[in-house]
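As structure tokens, the structure follows; a few thoughts come after it.
Order of listing sets the numbers, starting from 1, for every ligand and every atom in it.
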Amino acid sequence: MTAKLIDGKAVAASIRVQLAAEVAAFREATQVVPKLAAVLVGDDPASQVYVRNKEQACVKAGLASDVHRLPATTTQGELLELVHRLNSDSAVHGILVQLPLPAHIHETTVLDAVHPLKDVDCFHPENVGLMVQGRPRYLPCTPHGVQVLLQQSGTNVDGAHVVVLGRSEIVGKPVAMMLVQKGQTANATVTICHSRTRNLSDITRTADILIAAIGQAGFVTADMVKPGAVVIDVGINRQQDRLVGDVAFETVREVASAITPVPGGVGPMTIAMLLKNTLTAAKLAANQN
Ligand code: GUN
């Protein structure tokens with residue numbers, strides 16, 4: 001069996017078309033242009049690409065986008081000052097601080113400084129707490145992208161065993177929390193595995209849905225996958241001069257029933273969800289949600 005490809009690029013494109021219409025309607029009703037402010041510190045090449053892609057996607061959807069590019073030598077105090085300025089700027093609705101930050105900056109201190117109403121990444125503890133309690137203000141972009149791909153691919157999540165590889169704050173933990181919730185494309189039985197998990201393959205082989213988010217190229221091999229499982233690859237790793245996922249795609253696709261490619265799987269969904277959150281932020285500011 002060769003797995004069906006889950007085309008994140010196509011799903012994201014259709015979401016963006018729908019979103020552009022919603023943005024146009026909001027602009028018409030309020031005369032407000034929703035604006036995302038992205039903050040990029042340093043010159044990490046991958047981050048530069050991500051931020052440029054986010055900026056272009058904003059413009060295409062009818063959103064405004066400012067990118068604040070700061071040198072790698074920026075102090076934590078200077079960065080916090082910028083975040084505070086963006087917090088109090090009523091023309092800015094969403095704030096995104098691109099990660100990773102340089103090592104001398106304490107990431108949590110900066111992320112916690114973003115006003116929760118402008119936290120379109122859903123990284124602020126208030127927003128994470130609301131999400132975990134099942135009353136989200138925002139949904140985190142990549143986990144929400146994964147959930148929508150599962151829904152759009154017709155994968156039955158209700159009662160399924162989902163195994164998440166990775167316990168990061170950005171993907172592993174929140175995607176597990178979202179899929180275990182009561183609700184649509186949720187109600188799963190979720191296992192989170194990480195670097196200290198014993199007998200990893202024994203666990204992954206029981207997964208109906210396997211979500212890989214560990215950042216190691218080709219980590220998930222065919223022998224770790226139950227025949228017929230749905231495999232979602234969140235990894236984006238640079239190998240020589242191409243991007244590869246956390247899943248050994250060519251061999252795993254012969255075992256799985258459906259699989260996301262890298263690139264063109266989860267990545268484009270993250271951006272689509274960021275645009276959606278930026279519109280939500282503008283609606284919250286205008287009390288139009
Ligand atoms: N770096 C890698 N992924 C992300 C993300 O989703 N948001 C931000 N702000 N930085 C990232």
Would you please determine whether F123 falls within less than 4.0 Å of ligand 1 on a heavy-atom basis?
yes
For ligand 1, which atoms sit closer than 4.0 Å to a heavy atom of V97?
8 (C), 9 (N)
Under 4.0 Å to a heavy atom of L96 - the qualifying atoms of ligand 1, by number:
9 (N)
Residues, nucleotides or ligands: over 12 heavy atoms within 6.0 Å of K276 NZ:
no
Ignoring hydrogens and angles, tell me if any N or O in the side chain of R16 forms a donor-acceptor pair with the backbone of K60 under 3.5 Å.
no
Going by distance only, is there an N or O of T142 that falls short of 3.5 Å from an N or O of ligand 1?
no
Report yes or no: does Q216 contribute a side-chain atom to a donor-acceptor pair with the main-chain N or O of D246 at less than 3.5 Å?
no
Pair L284, R137 - check side chain to side chain contact (heavy atoms under 4.5 Å, CB included), show working.
CA-CA 9 Å; L284 286 169; R137 174 187 284 147; 3.9 Å; yes
Pick from D121, T270, I271, L40: the one approaching atom 8 (C) of ligand 1 most closely through a non-hydrogen atom
D121
What protein heavy atom is closest to atom 11 (C) of ligand 1, reported as residue, atom name and distance in Å?
Q98 NE2, 3.4 Å
Donor-acceptor pair, Y138 side chain versus T278 backbone, under 3.5 Å?
no
Examine L99 against ligand 1 and note whether any of their N/O atoms are separated by less than 3.5 Å.
yes
Between Q151 and Q147, do the side chains contain an N or O donor and an N or O acceptor separated by less than 3.5 Å?
no
